[in-house]
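Keep in mind that what you see is a predicted model, and the values were worked out from it rather than measured. As a basis for the values below, the full set of heavy atoms in this structure was taken, side chains included, without hydrogen atoms, waters or symmetry mates.
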Amino acid sequence: MTDAGVLDIVIADSIEAKAWALALPNIKVREDLAVTSETKIGWAIRKGSPQLAAALEDFHENHLVKQGASAYRLAQFQKRFKRMANPAQSAEYKRFQDTLEIFRRYGPEYDFDPLMLAAQGFQESRLNQNAKSHVGAIGVMQIMPATGKELGVGDIRKIEANIHGGAKYMDKLMSDYFKDAKFDQQNRALFAFAAYNAGPGRIADAQAGQPSVD
């Protein structure tokens, strides 16, 4: 959000700030504004564990440093960074204003906060009804045509039916996979969004403390 200009300044550990600055061009590390110094970041282990301490030290020196694994992993991770656009500017904000009333209509119907539902739509497609994924998901909420037909919300190629379908589908995920969970409204929405993105089976397995089979 800082890179996009949504936030003017944030406080972060220097190692994190420098890592982000390598990948995001608008991040400037202001060490002259540091609020503290000479702090340390490390692994905390139980006292009296010399073998574990030695193993960690060996891993750090011989794997992370000498073999360059740390730098390699950082470089790989930076390639996956997605830059965020400032949602208060350009056409994206106009799309938000144009679609907000639809989110307000269907959010309460399925017990989701309209703004959180809109945030999901923004994450999926930047609220662009013309968006289409490489696997065939379409619209603001990126719904597969077969799923849209099963939901019975109308033509998901049209924006209102698409948003209605997204809200109804998330409600269906909660009913099918988390029917015995006692969520408050916020956590219900968060679990629904996680299931929407990562797959309900994985999230249900994680909640139950079981390894995911897929």
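- Annotation: side chain of Met170 is in contact with side chain of Leu117 (closest heavy-atom distance under 4.5 Å).
- When all heavy atoms of Lys172 and Leu151 are compared, the closest pair comes out as CD-CD2, 4.3 Å.
- The distance from atom CG of Asp180 to atom NZ of Lys182, rounded to the nearest 0.5 Å, is 7.0 Å.
- Both Tyr110 and Phe103 are assigned to one and the same hydrophobic cluster, defined by single-linkage of ILVMFWY side chains at heavy-atom distances under 4.5 Å.
- Tyr169 places a side-chain heavy atom less than 4.5 Å from the side chain of Thr147.
- Note: Phe122 and Phe96 fail the aromatic proximity criterion, with ring centroids not under 6.0 Å apart.
- Every residue meeting the salt bridge (Lys or Arg N to Asp or Glu O under 4.0 Å) condition with Arg188, not counting sequence neighbours, appears here in chain and number order: Asp171.
- Rounding to the nearest 0.5 angstrom, the gap separating the CG atom in Leu127 from the CD atom in Gln97 is 11.5 Å.
- The NZ atom of Lys132 sits 10.5 Å away from atom CD of Gln142, with the distance rounded to the nearest 0.5 Å.
- Taking every heavy atom of both residues into account, Ser125 and Gly139 meet most closely at CB-O, 3.5 Å.
- Under the 4.5 Å side-chain criterion, counting only non-hydrogen atoms from C-beta, Trp43 is not in contact with His60.
- Proximity of Lys168 to Met141: side-chain heavy atoms (C-beta onward) are nowhere separated by under 4.5 Å.
- Every residue meeting the side chain to side chain donor-acceptor pair (under 3.5 Å) condition with Arg157, not counting sequence neighbours, appears here in chain and number order: Asp155.
- When hydrophobic clusters are built by joining Ile, Leu, Val, Met, Phe, Trp and Tyr residues whose side-chain heavy atoms come closer than 4.5 Å, directly or via intermediates, Phe59 is not grouped with Val65.
- When hydrophobic clusters are built by joining Ile, Leu, Val, Met, Phe, Trp and Tyr residues whose side-chain heavy atoms come closer than 4.5 Å, directly or via intermediates, Val153 is not grouped with Met144.
- Of the inter-residue distances, the one linking His164 atom NE2 with Glu109 atom CD reads 4.5 Å to the nearest 0.5 angstrom.
- Taking NZ from Lys28 and CG from Asp3, the interatomic distance works out to 9.5 Å, rounded to the nearest 0.5 Å.
- The shortest heavy-atom contact between Asp113 and Gln185 is N-NE2, 4.3 Å.
- With 3.5 Å as the limit, one finds a donor-acceptor pair spanning the side chains of Tyr106 and Glu160.
- Other residues, nucleotides and ligands place no more than 12 heavy atoms under 6.0 Å from the CD atom of Glu31.
- A heavy-atom distance below 4.5 Å is found between the side chains of Phe178 and Ile203.
- Taking each heavy atom of Leu7 and Val10 in turn, the nearest pair found is CD1-CG1, 3.8 Å.
- Within a 6.0 Å radius of CD in Gln51, other residues, nucleotides and ligands contribute 12 heavy atoms or fewer.
- The backbone N or O of Asn187 sits less than 3.5 Å from a side-chain atom of Asp184, completing a donor-acceptor pair.
- In terms of heavy atoms, Val140 sits closest to Asn162 at N-OD1, 3.2 Å.
- Other residues, nucleotides and ligands place more than 12 heavy atoms under 6.0 Å from the CG atom of Asp32.
- Residue Leu33 places its CG atom among more than 12 non-hydrogen atoms of other residues, nucleotides or ligands, all under 6.0 Å distant.
- Residues Ile102 and Leu115 share a hydrophobic cluster, clusters being chains of Ile/Leu/Val/Met/Phe/Trp/Tyr side chains in contact below 4.5 Å.
- In terms of heavy-atom proximity, Gln129 sits nearest to Ile156 at NE2-O, 3.1 Å.
- More than 12 heavy-atom neighbours from other residues, nucleotides or ligands sit within 6.0 angstrom of CZ on Phe193.
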